[in-house]
Structures are given as structure tokens and as C-alpha cells.
Amino acid sequence: MKEAVLIANRGEIAVRIARTCKILGLETIAIYSEADHFSDHAKICDKAYLIGPAEPRESYLNIRKILEVARRSGARYIHPGYGFLSERPEFAEACEKSNLVFVGPRAETIRQMGDKIEARATIDALGVKRVPGSIGPVPNAKSALEYAKKVGFPVLLKARAGGGGKGMRRVDREQDVPAAFESAGHEALSAFGDGGLYVEKLIASPHHVEIQVFGDGEGRAIHLGERECSIQRRHQKIWEESPSPLLELFPETRDTMCEAAVLIAKSICYRGAGTIEFIVNERGEFYFLEMNTRLQVEHPVTEWVTGVDLVAWQLKLAQGTFSLPSEIKRNGYSIEARIYAEDPMTFLPAPGAIGFISSPNGPFIRWDAAFSGPGDVSMHYDPMIAKLSIWAPTRPEAIARLRVALDETRILPPKGSRQEGLGSLRTNLVFLKKLVRHQRVCAGDTPTDLIASSPDLTSALSSEGSEKLAIVGSLYQVLQETKTRIKAEPFRSSVWYQVNAKEGLRT
Ligand code: ADP
């Protein structure tokens with residue numbers, strides 16, 4: 001009998017995990033909420049179980065219900081994906097207690113590295129540099145101010161339980177500390193149930209570079225190179241690439257960072273796929289930021305340049321059939337762009353129904369998506385629609401390939417909702433198309449403040465971008481209608497059919 005994997009997640013990552021499970025001959029079990037009845041992840045798996053209402057607490061975060069499905073379905077493994085329960089030590093523990101194999105690190109590792117304060121202490125003991133600041137949480141605004149003065153303004157107040165840039169505040173002046181402390185603390189408390197904050201020096205115009213590691217859980221670990229994830233909005237990644245354009249200038253820094261990452265992974269006997277995040281300044285000096293004890297959203301760029309299926313490695317390790325190679329060769333260049341349901345100028349979520357979706361194709365193009373046809377980007381979940389990643393031998397070729405692929409991508413709200421504007425789906429595609437053509441991006445000059453310091457990236461999107469989108473939208477609407485009409489009335493000559501036939505626009 002086939003062994004079964006329960007995928008405790010949704011959207012593109014659940015689809016991606018299911019594909020590798022199938023390649024390995026494993027049965028796939030999906031869970032889905034009421035908002036995800038018709039989602040691809042529920043359709044692609046061998047079995048799918050409805051586990052509750054849309055609210056994550058009632059479904060994708062509900063450990064009791066997930067374990068109940070695992071028991072009923074006869075699952076042997078649980079893959080948590082990223083987000084949701086992937087970094088909750090109590091989930092890893094509950095799986096093991098129920099005799100299920102958690103595809104990820106041990107609960108105590110998640111606890112140790114997931115708490116940013118404990119992680120910082122671990123790093124200090126290894127002699128790896130971290131960003132200067134308070135080692136632990138600061139009890140009040142007064143103490144935050146003392147640390148800020150010690151390391152020098154500007155500083156960042158950061159949530160000890162943080163993630164996704166939440167509970168993070170930049171503070172430039174002494175007098176702003178109390179208000180920032182109060183608001184960051186509140187945000188952290190409501191997002192993570194823990195309002196603890198620590199102080200870090202703000203590194204000016206830095207780069208976010210992270211190292212993919214993989215450990216066998218017995219003290220051996222290797223790295224699979226770096227990913228540069230500096231292009232961000234709201235402290236969240238939108239574009240990732242490997243190798244890092246910054247580290248191309250500092251090859252020795254790359255070697256030292258990779259060594260530091262492997263040292264960290266070995267010191268905690270790390271099991272499975274993990275990522276060590278660093279912040280690097282423009283002189284090539286690097287500081288530890290945090291460790292993510294799971295698969296990253298941006299793992300495809302590493303898969304492109306290494307040829308490794310990271311999920312297959314995770315699953316084989318869980319099955320006890322994996323042996324860690326001593327080294328991995330990297331080849332060429334990969335970039336990933338994240339396509340979100342969000343306003344292309346403000347970057348605020350703009351979820352809604354998808355009426356039409358058409359993915360790009362061609363050599364060395366990968367499309368990881370939550371939707372293959374019409375669907376709903378639910379307001380209950382992260383509004384990412386798809387990840388478009390490509391490979392090419394060099395960075396200029398990678399940029400060119402991504403440009404063509406982005407130009408080919410079409411995601412539109414359903415007919416009828418298009419004119420409504422607010423309240424209907426918007427995507428960041430026009431923004432990404434501008435980004436891929438931007439002179440600083442093409443030159444590889446991409447510090448984390450690139451978007452904030454390049455108003456030309458978001459200006460004129462309303463006129464130029466939306467206009468183009470509207471033209472494309474109406475053209476597609478016309479073509480879709482034409483197609484339906486041709487099917488329904490094959491022998492009748494419609495005006496549109498004739499026009500399109502003449503213009504060579506028949507689909
Ligand atoms: P989270 O866990 O909330 O994602 P991180 O610590 O990973 O928070 O930081 C997210 C992003 O915020 C980084 O990629 C970087 O762009 C920015 N950042 C974090 N710490 C600093 C710092 N000390 N100086 C400058 N930028 C920082």
C-alpha cells in the first residue's frame with residue numbers, strides 16, 4: 001500500500017508539494033476550508049477533506065482537526081508547507097505524539113530558532129555577527145531608547161515573535177521612540193499573541209541575502225547557495241534571485257556567509273530544509289537576521305540553479321531513505337517574481353474573483369500557482385496568486401526571459417466586475433512589468449529601499465498601467481466571447497468572427 005502524506009496547507013505550496021509526492025509514489029491528502037472548495041490544491045490531491053470555515057483558526061491552524069483527518073485518512077507524514085503551522089513547535093510535537101512524521105525539523109529546533117531572541121543568543125555563542133542591538137526584549141520605551149542611543153539612530157523596533165514585517169517600526173529620532181514602541185507592541189500582540197520587542201540598528205540601504213541549508217538531523221549539513229531577496233515592499237519580498245548580484249562583487253563574503261550558515265545548521269543538528277537570513281551592507285559586511293525553519297516561498301530559484309527538488313529531499317529524509325551529498329554545484333541564473341492580488345501602487349491587498357488566468361510558457365519557465373482557472377483570491381489568506389520563476393545562463397538573459405514571461409501573463413477579474421474598480425481583483429502585474437525593465441534592477445543595484453526610493457516605479461501606473469490592462473482586458477473579453485459564439489453558432493457568421501478572422505485574431 002502507498003504511504004500517504006497529509007499536506008497541512010493550501011494554495012500554490014500545497015499544489016507544489018503534492019506534485020513531488022506523486023513523483024515519489026506517495027498518496028496525497030489535502031485539507032481545505034469552506035473558502036477553498038474549488039481550489040486547485042483540493043483537486044490535485046488523491047483525497048481531500050473539508051476541515052472547517054474559512055477563518056484559519058477554524059481550519060488551516062486547527063491542529064486538532066488536522067490530526068483527526070490524518071488519523072481518518074491513514075496518513076503517515078504531515079508536510080506543513082510554509083506559513084500556517086509550519087513554524088509552530090506545538091504542531092510538530094502533536095504530530096509526533098500521534099505517531100505521524102512531521103516533515104520538518106524537530107520541535108525543539110523550531111522553538112529555539114523561531115524565537116528571535118533565543119536564535120540571537122545561539123548565534124552569539126557561535127561567534128556569528130548579528131545586527132547590533134539589544135540581545136533580549138526591552139521591557140519599556142525607556143529601555144528601548146537607551147539601546148537606541150547606544151547603537152545610534154536610526155533603529156528598528158522588532159517583534160520577538162515577528163514575521164512578514166509585522167510589529168516592525170523604523171525610528172529616526174529620540175522623541176519618536178515612545179509612540180513607535182506602543183504601536184509596534186500592539187501590532188505584535190495582535191498578530192502573534194506576544195508583544196515583546198527588541199531593538200536593532202537600522203542598516204542603511206542594505207541587501208537581504210539568505211542561504212539555503214539542508215541538514216540530516218544528525219549533525220551533517222550543507223548549503224545550496226544564496227538567494228538575494230532585497231526587492232521588497234512593506235518589508236516583504238516580491239522578487240528573489242540566485243546568485244546574488246551583490247555577492248558577485250564580494251565572492252569572499254559569499255563563501256564566509258555560506259560557511260556561517262552551515263556552522264549554524266550543524267550546531268543545532270538541523271533536520272531538513274532551512275534558511276539563514278542575513279542583512280548585507282554595501283561594503284559586503286553581513287549580519288545574521290533570523291533563521292526560517294521551513295521551506296521558503298522563494299525556494300524555486302534554488303531548485304533552478306541547483307537542479308535539486310527540495311521537497312523530494314525533505315520527503316526522502318522523513319522516509320529515512322535520504323543521504324546528504326557533500327556538495328552541490330550551481331549553474332546559471334534564476335529569478336522569481338511574486339504575483340499578488342494587490343494594488344500596484346499602494347501594495348495593499350486587493351483580493352477578489354479571478355475570471356481569467358493565462359500563464360506564460362516557453363523554455364525554462366516555471367509557474368507555481370494557486371489557480372489554473374477562474375477562482376477566488378480569498379480575503380482570509382495571503383493574496384499571492386502565483387510565483388513566476390525562470391532560469392537562464394546569465395542575469396541579463398534571465399531578466400529578458402522574465403520580461404517576456406511577465407508580458408505573456410494575464411490575470412483578469414470576471415466579466416462585469418472589471419469596470420467596478422474598487423472591490424474587484426487587482427494584481428501587481430503592471431508593477432512587476434515596470435520593475436523588470438527598471439534601469440537599477442537591470443544593473444543589479446537592488447537594495448531593500450529600491451522601491452521606496454524609486455517613485456518612478458509606482459508613478460504613472462494608474463494611467464499607463466491600468467490603461468494597458470484595460471485594453472488587454474477588453475481584447476480578451478472580446479476573444480472569449482467570440483470563442484463562445486463560434487462554438488455555439490458554428491455556421492453563423494458573426495461580425496466579431498469576421499473581423500477577428502480578417503485580423504488573424506482567431507483563437
Ligand atoms: P520578519 O521576520 O518580520 O520578516 P526580518 O527580520 O526577516 O523580519 O526582516 C524583514 C526585512 O526587514 C528584511 O528583509 C530587511 O529588508 C528589513 N530589515 C530587518 N532588519 C533590518 C535592519 N536591522 N536594518 C535594515 N533593514 C532591516
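Positions are given from 1, in the same order as the sequence printed here. Please read all numbers here as calculations on a predicted model, not as lab measurements. For the numbers below, each heavy atom of this structure counts, side chains included, while hydrogens, waters and symmetry mates do not. Numbering of ligands and ligand atoms starts at 1, following listing order.
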Could you tell me whether K97 and E90 make a salt bridge, using a distance below 4.0 angstrom between a side-chain N and a carboxylate O? no
Please report which non-hydrogen protein atom sits nearest to atom 2 (O) of ligand 1, along with the residue it belongs to and the distance in Å to one decimal place. K116 NZ, 2.7 Å
If you round to the nearest 0.5 Å, how far is SG of C95 from CZ of R88? 13.0 Å
R106 to Y270 six-membered ring, cation-pi geometry met (6.0 Å, 45°): no
Can you list the ligand 1 atoms lying under 4.0 Å from a non-hydrogen atom of Q232? 11 (C), 13 (C), 14 (O), 15 (C), 16 (O)
Tell me whether G165 has any N or O atom under 3.5 angstrom from an N or O of ligand 1. yes
Between E226 and R254, is there a salt bridge with N-O shorter than 4.0 Å? yes
Report the C-alpha distance between F250 and F286 in whole Å, list the side-chain angles of each, state the deciding distance to 0.1 Å, and finish with yes or no for ring-ring contact (aromatic ring centres under 6.0 Å, His included). CA-CA 11 Å; F250 301 104; F286 68 92; over 10 Å; no
What's the shortest distance from atom 21 (C) of ligand 1 to any protein heavy atom, and which residue and atom give it? L156 CD1, 3.1 Å
List every atom of ligand 1 that sits less than 4.0 Å from any heavy atom of H208, numbering the atoms from 1 in the order shown and giving each element. 13 (C), 14 (O)
Could you list which atoms of ligand 1 come closer than 4.0 Å to a heavy atom of I279? 15 (C), 18 (N), 21 (C), 25 (C), 26 (N), 27 (C)
Straight-line distance of S244 OG to H208 NE2, nearest 0.5 Å: 10.5 Å
heavy-atom search around atom 12 (O) of ligand 1 in the protein gives H235 ND1, 3.4 Å
For atom 7 (O) of ligand 1, which protein heavy atom lies nearest, and how many Å away is it? E290 OE2, 2.8 Å
R130 with E200: basic N within carboxylate O range, under 4.0 Å: no
V131: numbered ligand 1 atoms lying under 4.0 Å from its heavy atoms: 23 (N)
Would you mind running through ligand 1 and noting each atom that sits below 4.0 Å from a heavy atom of E277? 7 (O)
Between K129 and D124, is there a salt bridge with N-O shorter than 4.0 Å? no
Are K158 and ligand 1 in contact, using a heavy-atom cut-off of under 4.0 Å? yes
Compute the minimum heavy-atom distance from Q236 to ligand 1 and say whether it is under 4.0 Å. no
Among protein heavy atoms, which lies nearest atom 24 (N) of ligand 1, and at what distance? I203 N, 2.9 Å
Against heavy atoms of T448, which atoms of ligand 1 measure under 4.0 Å? 16 (O)
Answer yes when D407 and R437 have at least one side-chain N-carboxylate O distance shorter than 4.0 Å, and no when they do not. yes
Do D115 and R160 have side chains that approach each other closer than 4.5 Å (heavy atoms only, starting at C-beta)? yes
Below 4.0 angstrom from a heavy atom of E200, which ligand 1 atoms are there? Numbered from 1 as shown, please. 20 (N), 21 (C), 22 (C), 23 (N)
Nearest protein heavy atom with distance in Å, relative to atom 9 (O) of ligand 1: M168 CE, 3.5 Å
